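To start, the structure under review is shown below, and the notes come after it.
A quick note: this is a predicted structure, and the numbers were derived from the prediction, not measured.
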Amino acid sequence: MTSPSIPRLAAHGAEIPAIGYGTSGLGGRAAASVASALAAGYRHLDAARKYGTEEGVGEGIRTAKVPREDLFITTKVSHENLRAADFARSVESSLAALGVSYVDLLLVHWPNAAIPLAETMGALARAKRDGLARHVGVANFNIAMVDEARRLCPEPLVTLQAEYHPYLDQTTLLNACRARGLIYTAYCPLGRGRLFKDPVLAEIARQKGRTVAQVALRWLVQKEIVAPIPRSSNPARLAENIVVFDFSLSDEEMKRIDALKRPDGRIANPTGRVPPWDV
């Protein structure tokens, strides 16, 4: 099988593969799934300390024997570890679990109003300056928090990671990322399977000779600054999901998918950690 050619998105010195492989929820399947993803051509791997999959991700990398310099590895520091000392320990634990000396992208996973953002941004920048992360960013921040983080962080933020799929209208957040030169890394890009029976997506998929997942992912990458990170433990499905750069959607098809947005479309909304979302 020939690995697909994956374009890269550029932001503030970072070049991020325009599609990645998400590892949330994989549990004991992480090692085999990551090895399968790398065999299929993925080079952008998204992990987090909170997922409990970093060890499996590292094992999968070693199994696949892909050179470290060819990989773009992301991990995240959880909201309870955002004080400077805790942050540093979390980063060291992540590196040890992954079996690498640095990650390509280090993110704050969720904000924590109980911990000063200035302290967290200082710790994030320190990880980069110490060579433990090549680039830094944030996840699940609203626009006001992104702006405050950019003001407080001594190093440039390169991405905002947030939920994005056809049932969740993130136009405001997307436009904010575009205006600030940030890449939008999209998690839950397939709505955790909720999209698969959608009749509009199914119709477009039939017309294109593609899967519903490929159409939904193409809709995201065609927004130009979005890098989706789909997850699947099925080797055939994850191999299909990466093949989204050899076709395009028409303006009319893009508009039809845009119109699928729902007021209750958000999936990730944990109690006690949620900022006021932008609408």
Does the pair Asp246/Arg210 count as a salt bridge with the N-to-O cut at 4.0 Å? yes
Within 45° cone and under 6.0 Å: Arg68 NZ/CZ vs Tyr102 ring: yes
Is the number of heavy atoms from other residues, nucleotides or ligands within 6.0 Å of CD (Glu224) greater than 12? no
Test side chain to side chain contact (heavy atoms under 4.5 Å, CB included) on Leu132 and Leu106; report intermediate values, then the result. CA-CA 9 Å; Leu132 305 181; Leu106 180 66; over 6 Å; no
Report yes if the side chains of Leu168 and Lys261 come closer than 4.5 Å at any heavy-atom pair, otherwise no. no
Is it true that Val146 and Val136 fall in one hydrophobic cluster, defined by side-chain heavy atoms closer than 4.5 Å? yes
Residues Arg237 and Glu240 bridged, charged N to O under 4.0 Å: yes
So, Ser78 and Glu80: side-chain donor and acceptor under 3.5 Å apart, yes or no? yes
List the residues meeting salt bridge (Lys or Arg N to Asp or Glu O under 4.0 Å) with Arg178, not counting sequence neighbours, and say none if there are none. none
Would you call Asp258-Lys255 a salt bridge at under 4.0 Å N-O? no
Determine whether Leu105 and Thr159 satisfy the following criterion, side chain to side chain contact (heavy atoms under 4.5 Å, CB included), listing intermediate values before the conclusion. CA-CA 9 Å; Leu105 180 61; Thr159 191; 3.6 Å; yes
What about Trp219 and Tyr164, are their ring centers closer than 6.0 Å? yes
Please determine whether side chain to side chain contact (heavy atoms under 4.5 Å, CB included) holds for the pair Leu182 and Ile225, giving the CA-CA distance in whole Å, both sets of side-chain angles, and the decisive distance to 0.1 Å. CA-CA 8 Å; Leu182 299 175; Ile225 65 163; over 6 Å; no
Within the supplied structure, the quantity of interest is the number of heavy atoms (other residues, nucleotides, ligands) at a distance under 6.0 Å from Asn269 CG; does it exceed 12? yes
Return the orientation label for the His44 and Phe72 ring planes: parallel under 30°, perpendicular over 60°, tilted otherwise. perpendicular
Would you mind writing out the side-chain donor-acceptor pairs for residues 13-31 within the sub-3.5 Å range, not counting sequence neighbours?
residue : atom : partner : partner atom : Å
Tyr21   : OH   : Ser232  : O            : 2.5
Thr23   : OG1  : Asp46   : O            : 2.7
Thr23   : OG1  : Thr53   : OG1          : 3.2
Arg29   : NE   : Leu26   : O            : 3.2
Arg29   : NH1  : Ser233  : OG           : 3.0
Arg29   : NH2  : Gly25   : O            : 3.0

Short question: side chain of Glu92, backbone of Arg89 - any donor-acceptor pair under 3.5 Å? no
Side chain to side chain contact (heavy atoms under 4.5 Å, CB included) evaluation trace for Lys76 with Tyr51: CA-CA 9 Å; Lys76 311 176 194 77; Tyr51 297 164; 3.2 Å; yes
Mark yes or no for whether Tyr184, through its side chain, and Leu173, through its backbone, hold a donor-acceptor pair below 3.5 Å. no
Non-hydrogen atoms of Leu95 and Ser101 that approach each other most closely: CD1-O, 3.7 Å
Hydrogens and angles aside, do Ser248 and Gln222 bring a side-chain donor and acceptor to less than 3.5 Å of each other? no
Does the side chain of Ile183 come within less than 4.5 Å of Cys177's, by heavy atoms? no
Between Arg43 and Asp70 (salt bridge meaning N to carboxylate O under 4.0 Å), is one present in this structure? no
Would Lys208 and Glu253 pass as an ion pair if we require N to O under 4.0 Å? yes
Would a 4.5 Å heavy-atom cut-off, applied to side chains only, mark Val215 and Leu195 as touching? no
Do His109 and Lys50 come within less than 4.5 Å of each other through their side chains, counting heavy atoms only? yes
Side-chain donor or acceptor of Thr120 paired with backbone N/O of Leu82 under 3.5 Å: yes
Under 4.5 Å between any side-chain heavy atoms of Ile61 and Leu45, yes or no? yes
Under 3.5 Å: donor-acceptor pair, side chain of Arg218, backbone of Val244: yes
With Arg129, which residues qualify under salt bridge (Lys or Arg N to Asp or Glu O under 4.0 Å), at least two apart? Glu155
Could you check whether any side-chain heavy atom of Ile242 comes within less than 4.5 Å of a side-chain heavy atom of Ile6, counting everything from C-beta outward? yes
Tightest non-hydrogen contact, residues Gly265 and His165, listed as O-CE1, 3.2 Å
